[in-house]
Amino acid sequence: MRTLDIASTIGPDLVALRRELHQVPELGLELPLTQRLVLDALVGLDLEVTLGKGLSSVVAVLRGRGGDRTGVDRPVVLLRGDMDALPVTEDLDLEHVSRHPGLMHACGHDLHVAGLVGAARILHDLRDELEGDVVFMFQPGEEGPGGAEPMIAEGLLDAAGRRVDAAYALHVFSSEHPLGQWFGRPGPLMAAADEVKVRVVGEGGHGSQPFRAKDPIPVACEIVVALQTLVTRQFDVFDPVVITVGKFVGGTKDNIIPDDAVFEATVRSLSPEARKAVSGKITLLAEQLAAAHGLTAEVEHLPGYPVTVNDEDEYAFAKDTIVDLFGADRYTHQRDPEMGAEDFSFVGELVPSAYVNLSACPVADHASAPDNHSPRADFDDSVVPDGAALLAELALRRTAQLSRRATTA
């Protein structure tokens with residue numbers, strides 16, 4: 001496979017880039033240092049580069065020279081790599097440890113960026129064989145507030161002059177699977193992640209005379225507990241919902257009943273139907289439980305990322321490509337979805353997409369290795385060339401398939 005050969009040759013450069021990126025983690029939508037490193041790594045490639053207006057994104061289009069299709073008939077494939085880091089203080093003894101206090105590439109996005117740069121370099125070398133065009137999506141803000149949606153609004157999916165036909169992304173993991181193992185599943189892969197804020201409003205007073213006040217704290221606590229009953233009794237266990245209250249604020253002193261108590265929760269779901277239903281049920285439960293105690297509840301829902309769904313055909317194609325490139329022993333079927341979320345889901349809502357995972361766990365005891373987002377999450381960057389090769393191979397094969405399909409139609 002020429003993609004593997006080229007990936008092996010440029011592997012040391014990609015690993016060096018990954019380690020440079022690891023030292024300068026940045027948060028959110030504004031990643032000037034990361035953007036500059038990406039642009040420097042793409043110098044010399046025949047790409048049409050567009051920078052984001054409202055965020056530090058990079059969109060690069062490579063025009064293939066192969067095939068007979070021209071103009072609007074040429075296939076277009078999108079490859080994505082997210083660039084942002086996390087507000088985590090790194091606890092690893094590495095030569096390339098983060099130089100930015102309190103910030104860390106604890107989710108492997110530095111490997112994603114290096115892999116996508118590698119895919120661009122491989123496909124540039126093979127552009128005479130590439131029977132379509134490729135859009136490279138270097139995205140900030142995946143960890144929040146979300147970079148995919150504003151990139152789409154700025155024209156990402158039509159960057160090549162016509163709508164993308166298919167999109168692919170990969171993610172590395174620091175644990176769970178042996179080094180170099182690919183895994184994933186068709187259909188729902190990751191959950192929708194929404195936020196809910198509940199303010200229970202009562203009347204403050206003295207802690208010694210609660211009957212003269214309307215205490216919001218026990219009512220808010222009752223709502224928190226009732227949310228778990230709501231999940232287990234009103235939602236199908238095979239279409240799961242997860243509600244976790246991560247913040248609870250109420251009061252200023254032990255003998256003062258406050259006017260209000262506030263809590264915030266993350267709400268995870270795996271289907272549009274459950275996602276819609278849980279929002280209304282939370283509001284109803286909070287308002288009526290508060291009313292039962294003579295208080296009121298104000299409920300605010302903040303929509304987040306939708307469900308990440310792997311298109312059945314695109315995932316089967318990606319899986320077959322993995323097995324062909326790396327062997328069947330390096331692929332594992334992921335039985336269940338995970339309740340984490342991913343804003344590549346916005347791309348998947350508009351374009352048939354596949355999202356696959358790759359273990360970069362550096363230790364043999366992968367089951368107990370620190371997970372992504374841990375200050376001790378470590379990633380073996382030897383997998384970067386494999387990620388680059390897969391992304392490039394997906395683009396080569398899919399554009400060829402789409403080109404042949406258009407010819408025989």
Side-chain angles (χ1 to χ4, degrees), residues 11-41 55-58 80-118 138-147 169-181 190 193 246-247 266 338 340-344 357-388:
D13 292 341
L14 301 182
V15 169
L17 173 61
R18 179 261 160 165
R19 295 184 179 190
E20 193 171 4
L21 289 162
H22 192 84
Q23 295 177 72
V24 291
E26 298 174 290
L27 299 182
L29 299 177
E30 294 300 323
L31 318 176
L33 296 177
T34 306
Q35 185 187 59
R36 174 44 54 191
L37 286 172
V38 169
L39 293 172
D40 289 346
L55 67 171
S56 296
S57 60
V58 178
R80 181 267 209 157
D82 40 357
M83 305 191 293
D84 57 320
L86 286 158
V88 172
T89 298
E90 188 161 12
D91 186 17
L92 291 171
D93 184 16
L94 302 172
E95 289 184 3
H96 54 278
V97 71
S98 169
R99 300 199 304 260
H100 293 176
L103 304 182
M104 177 187 175
H105 270 296
C107 204
H109 294 187
D110 47 342
L111 282 79
H112 302 171
V113 174
L116 188 56
V117 167
F138 293 92
Q139 179 210 311
E142 191 283 320
E143 300 290 355
L170 66 83
H171 203 298
V172 295
F173 277 70
S174 63
S175 63
E176 300 184 46
H177 293 268
L179 178 66
Q181 196 74 13
M190 282 178 278
K247 182 178 180 180
T266 183
E338 57 180 289
E342 163 63 72
D343 78 338
F344 186 69
N357 299 311
L358 172 62
S359 176
C361 181
V363 297
D365 186 10
H366 54 84
S368 61
D371 290 332
N372 289 22
H373 288 219
S374 164
R376 289 165 295 281
D378 197 6
F379 301 87
D380 191 322
D381 46 26
S382 66
V383 303
V384 170
D386 285 353

Could you go through the side-chain hydrogen bond (donor to acceptor under 3.5 Å, both in side chains) check for Gln139 and Asp343 one step at a time? CA-CA 10 Å; Gln139 179 210 311; Asp343 78 338; 3.0 Å; yes
State the CD-CZ distance between Gln23 and Arg99, to the nearest 0.5 angstrom. 4.5 Å
Could you go through the side-chain contact (heavy atoms from CB on, under 4.5 Å) check for Leu94 and Arg19 one step at a time? CA-CA 10 Å; Leu94 302 172; Arg19 295 184 179 190; over 6 Å; no
Within the distance-only criterion (no hydrogens, no angle test), does the side chain of Glu176 pair as donor or acceptor with the backbone N or O of His366 below 3.5 angstrom? no
Would you mind checking if Arg80 and Glu342 are paired as a salt bridge, meaning a charged N to carboxylate O distance below 4.0 Å? yes
CG/Asp365: more than 12 non-hydrogen atoms of other groups inside 6.0 Å: yes
If we only count heavy atoms from C-beta on, is the [X] to [Y] side-chain gap below 4.5 Å?
| X | Y | result |
| --- | --- | --- |
| Leu170 | Asn357 | no |
| Leu29 | Pro145 | yes |
| His373 | Glu143 | yes |
| Pro87 | Leu27 | yes |

Give the intermediate values and the outcome of side-chain contact (heavy atoms from CB on, under 4.5 Å) for residues Glu20 and Leu37. CA-CA 8 Å; Glu20 193 171 4; Leu37 286 172; 3.3 Å; yes
Minimum heavy-atom separation for [X] to [Y], with atom names?
| X | Y | answer |
| --- | --- | --- |
| Ala377 | Met104 | O-CE, 3.4 Å |
| Ser56 | Pro32 | OG-N, 4.0 Å |
| Cys361 | Ala369 | SG-CB, 3.8 Å |
| Pro375 | Thr89 | CB-O, 3.1 Å |
| Phe379 | Phe173 | CE2-C, 3.9 Å |
| Asn372 | Val172 | ND2-O, 3.1 Å |

Classify the angle between the aromatic ring planes of His22 and His96 as parallel (below 30°), tilted (30 to 60°) or perpendicular (above 60°). perpendicular
Please report the C-alpha distance between Asp378 and Ser174 in whole Å, then the side-chain angles of each, then the deciding distance to 0.1 Å, and finally whether the side-chain hydrogen bond (donor to acceptor under 3.5 Å, both in side chains) criterion is met. CA-CA 6 Å; Asp378 197 6; Ser174 63; over 6 Å; no
Check the side chains of [Y] and [X] for a donor-acceptor pair under 3.5 angstrom, ignoring hydrogens and angles.
| X | Y | value |
| --- | --- | --- |
| Glu26 | Thr34 | yes |
| Ser175 | Asp371 | yes |
| Asp82 | His109 | yes |

Can you check side-chain contact (heavy atoms from CB on, under 4.5 Å) on His171 and Cys107, steps first, answer last? CA-CA 9 Å; His171 203 298; Cys107 204; 3.5 Å; yes
For side-chain contact (heavy atoms from CB on, under 4.5 Å), just list the numbers for Gln181 and Leu358, CA-CA rounded to whole Å, side-chain angles, deciding distance to a tenth of an Å, and then say yes or no. CA-CA 6 Å; Gln181 196 74 13; Leu358 172 62; over 6 Å; no
So if I apply the side chain to side chain contact (heavy atoms under 4.5 Å, CB included) rule between Val24 and each of Leu103, Leu31, Leu33, which one comes out positive? Leu33
